[in-house]
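As the structure is a prediction and not an experimental result, all values here were calculated from the model. Counting starts at 1 for both ligands and their atoms, following the listed order. In what follows, every heavy atom counts, from backbone to side chain, and hydrogens, waters and symmetry copies are set aside.
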Amino acid sequence: MRALARLDELYAIGATRAGYSPEEDAAHELADRWMREAGLEVGRDEVGNLFGRRGAARVWSGSHLDTVRNGGRFDGALGVVAAIEAADRIRAAELAVVAFRAEESGPMGSRRLTELPDAFVEVHIEQGPVLESLNRPLGIVTAVAGQARGAVTFEGRASHAGTTPIAERADALVEAAKFVLHVRECARDRALATVGALEIEPGAMNVVPERVTASVDARAPTAESLDALVEAIGFEPTWRQDPVAMSGPPLEALQAVLADAPELVSGAGHDAMVLAAAGVPTAMLFVRSLNGGASHCPEELSSAEDIAVAVDALTETLGRLSPSATAGV
Ligand SMILES: [Zn+2]
C-alpha cells in the first residue's frame, strides 16, 4: 500500500524531524514530489508551509511533517500522506493539500497563515487508547478540549514523625492526598483532571509535612464544562485555553460519510485546533492507535487496514466538500 510505503520513506529521513530542521525540509521535499505526482500545483508561503493546490483550492486537507524528538511514524505524517492519496483519487476536485511547518514546537506554521480556507479536514492518529478499546478503526473529533492549569497549596504543621501522636498532627500531605482523590472524582463525562506534581515541604522522611502544593491540569470539551470542572475541583487557574469546536460543512460531511463512527474529544492540540480557532469550519478524523495508544515514540502504530479506511473516508469527505473542476455548470 502506497500510503504506508510513503510513511516509511518519511520515517527513513529520521525519527527526529524538528521544525525547520534539514530533516523537516527533506520531508517537505518528498511531499512536494508526491503532490506533483497527484496532479497538484506546488507552492510555499512565507513561513515555509507547503501547499499542493488544484483550481480554486478553498478546501484544504493536511497536517504536519515535523516530529517530537524520537517520535513515531504516524503523528502528522499520516495526515499529509492521506490527503495526497485522496487528492490523487479525486483528480477533478479543486482542493489543496497542506503540510504545515513546526506543529510540535508551536504550532508555528498554522498560526502564521496569511490566507485561510473555507474548510479544513485533518486526519491524525488518535495518540490515545480510546478507539482501540472501543474496537473501532476511526473516530470523529467533535472538539479539542479546553484546558485550565493551576495549583492548590495545603498548610499543616511540621512535627517529629516519631513523637507526634497521629491525632495531634496537622499533616498537609494527608489533606493533599484527599484532594487528589477529589480531583479524580470531579472528572466526569468527558472531562479529565490530573494532579501530576506535588511539592512537599520540608520533604523529609521523618518530618510530618508542613506545606504541600499540588498541581492541577483540568480539561473539558466545552467552555461551560471546563468552568464547571474548575469550580467543582475548587482551584484558581493561572492559565486557561478555551475549547475549540469542530463545526460546519467539514464536520457534517465527515458525520455523513461515517454515520456510526464514535465521536471523540481530542485532549491534545493540533493544526486543526488552530484553524478552527481562527474561524475556519474544520473537521478532524482520528485513526486508531495500536499498542495501547503509544504516542510520540517509535512504538506509535496504526494498521494498514485502518489507514486504508481512513483514506477512503477522507476521499469521500473531500469529494463532498470540494467543487469539481469538470462539473461545468
Ligand atoms: Zn500531530
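Side-chain contact, Asp271 with His64: no donor N or O sits under 3.5 Å from an acceptor N or O.
Around the Zn ion (ligand 1), the protein contributes the following N, O or S atoms under 2.8 Å, ordered by chain and number: His64 NE2, Asp75 OD1, His124 NE2.
Scanning all heavy atoms of the two residues, the minimum distance from Ala218 to Leu229 falls at CB-CD2, 3.6 Å. Here the closest non-hydrogen pair linking Met246 and Ala276 is CE-CB, 4.0 Å.
Checked for salt-bridge contact, Glu9 and Arg73 miss the test: no charged N lies under 4.0 Å from a carboxylate O. Between Asp25 and Arg101 there is a salt bridge, since a side-chain N of the basic residue sits under 4.0 Å from a carboxylate O of the acidic one. A salt bridge is absent between Glu175 and Arg169: the closest approach of a Lys/Arg side-chain nitrogen to an acidic carboxylate oxygen does not fall below 4.0 angstrom.
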